[in-house]
Novice: 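Okay, handing you the structure first.
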Amino acid sequence: MKRTSAILLIGLALTAVITLAGWYQYRSFLLEPLQIKPAGIVWQVTRGATVRSVISDLHQQGITVSDWRWRLLNRLQPATTRAGEYALKSGLTPFGLLDLLSSGEVIGYRFTVIEGWTFHQLKTALEQDPVLVHEVPGLDGDARVLQAIGSNISHPEGWFLPETYRFVRGDSDLDLLRRSYQAMLAELEAAWKDREQNLPLDTPYELLILASIIEKETAMDSERADIAGVFVRRLKMGWRLETDPSVIYGLGETFDGDIRRRDLDTDTAYNTYTRFGLPPTPIALPGKSALVAAAAPSEGTAMFFVASGSGGHVFSDTLDEHNAAVRKMLRKQP
């Protein structure tokens with residue numbers, strides 16, 4: 001009996017020693033920083049990664065040791081992960097790492113869609129971005145791109161809202177196109193809802209087309225409603241729009257930077273000097289201010305405008321006034 005009691009006491013003592021030793025190791029583990037260099041490191045968490053897989057990867061790089069202490073900590077303090085890059089700073093503890101992973105405070109990047117870009121220019125810029133995952137080049141044609149972002153439109157031009165979009169490493173060009181497309185849908189819906197009721201436009205798509213022309217005609221927000229007013233009055237009176245940017249768009253890659261009389265006389269679907277009404281599609285990506293201008297053009301009597309030579313435009317009511325403004329502008333050119 002005494003021998004049994006002694007063995008039991010010894011066993012309890014050993015258990016206590018082991019428990020205390022384990023607790024000491026665990027406590028030291030919690031307080032000891034990870035093996036991160038003073039300059040810190042950027043660590044990428046891929047989509048679908050778990051805390052366990054992240055710790056395993058860090059173990060392989062010698063930053064921590066993946067053992068029972070991590071399993072216990074993750075059980076006591078459950079954490080989630082979000083894909084992206086994390087800035088792991090020197091002095092980061094296991095607790096701090098789990099907090100960082102759960103916070104989703106990933107390193108962010110920006111991509112700006114420029115007002116007036118064509119869809120082709122947008123695709124080229126996306127392809128040149130060094131961080132985005134490039135999925136678009138692997139798709140056969142614009143129709144497949146539109147299908148991949150969940151769109152049922154037939155022509156991509158004009159449907160992506162110029163804006164600066166934040167993204168994280170691991171996001172793809174399709175992700176960004178999808179966001180830009182959804183943003184344009186929302187802005188176009190809002191502009192159409194708030195439009196002037198007497199506009200000569202039957203659909204939101206026609207408003208998008210007009211906004212794209214306004215976008216290409218001027219970079220000055222203060223002029224866009226005035227230019228919209230000229231085009232709306234021309235549409236109401238059955239005049240041709242006679243807008244150079246639409247003609248240039250129709251020329252495509254053959255345009256060499258100079259628009260000539262023969263270009264204005266050669267009929268294409270986008271030649272608003274030879275055809276009445278709006279062109280068949282947008283000619284660029286219009287920004288918010290161009291959409292608002294198309295929906296709420298300025299009232300007035302001007303039917304013509306020409307570049308002033310100083311960044312803006314001169315608006316005229318009559319052809320004689322317009323021709324005089326053109327001659328004045330030409331005299332300013334070198």
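The figures that follow rest on heavy atoms only: side chains count, while hydrogens, waters and symmetry mates do not. Just so it is clear, the structure is predicted and the values come from calculations on it, not from any experiment.
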Novice: Could you list all the salt bridge (Lys or Arg N to Asp or Glu O under 4.0 Å) pairs where at least one residue sits in residues 47-56, not counting sequence neighbours?
Specialist: R47-D171, R47-D175

Novice: Mind checking what makes ring-ring contact (aromatic ring centres under 6.0 Å, His included) contact with F305, not counting sequence neighbours?
Specialist: F231, H313, F315

Novice: I214, L207: one ILVMFWY side-chain cluster at the under-4.5 Å cut-off?
Specialist: yes

Novice: Under a 4.5 Å cut-off applied to non-hydrogen side-chain atoms, are R179 and F167 in contact?
Specialist: yes

Novice: Below 30° counts as parallel, above 60° as perpendicular, anything between as tilted: where do the rings of F160 and Y181 land?
Specialist: tilted

Novice: Does atom CD of Q77 have more than 12 heavy-atom neighbours, drawn from other residues, nucleotides or ligands, at distances under 6.0 Å?
Specialist: yes

Novice: Just checking, is any N or O donor in the side chain of T112 or T164 under 3.5 Å from an acceptor N or O on the other one?
Specialist: yes

Novice: Determine whether the aromatic ring centres of residues Y270 and Y249 are separated by less than 6.0 angstrom.
Specialist: yes

Novice: Judged by atom type as modelled, is there a donor-acceptor pair below 3.5 Å linking the side chain of D317 to the main-chain atoms of A302?
Specialist: yes

Novice: Surrounding CZ of R260 (heavy atoms of other residues, nucleotides or ligands, distance under 6.0 Å), is the total greater than 12?
Specialist: yes

Novice: Looking only at the aromatic ring of each residue, does the gap between the centers of W239 and F304 stay below 6.0 angstrom?
Specialist: yes

Novice: State, without any angle test, whether S180 and E163 hold a side-chain donor-acceptor pair at a distance under 3.5 Å.
Specialist: no

Novice: Do Y273 and D263 have side-chain atoms, one donor and one acceptor, less than 3.5 Å apart?
Specialist: no

Novice: Would you say the side chains of E242 and T272 form a donor-acceptor pair under 3.5 Å?
Specialist: no

Novice: With sequence neighbours left out, what residues match W43 under ring-ring contact (aromatic ring centres under 6.0 Å, His included)?
Specialist: none

Novice: Between E157 and T281, is there a side-chain donor-acceptor contact under 3.5 Å, judged purely by atom types and distance?
Specialist: no

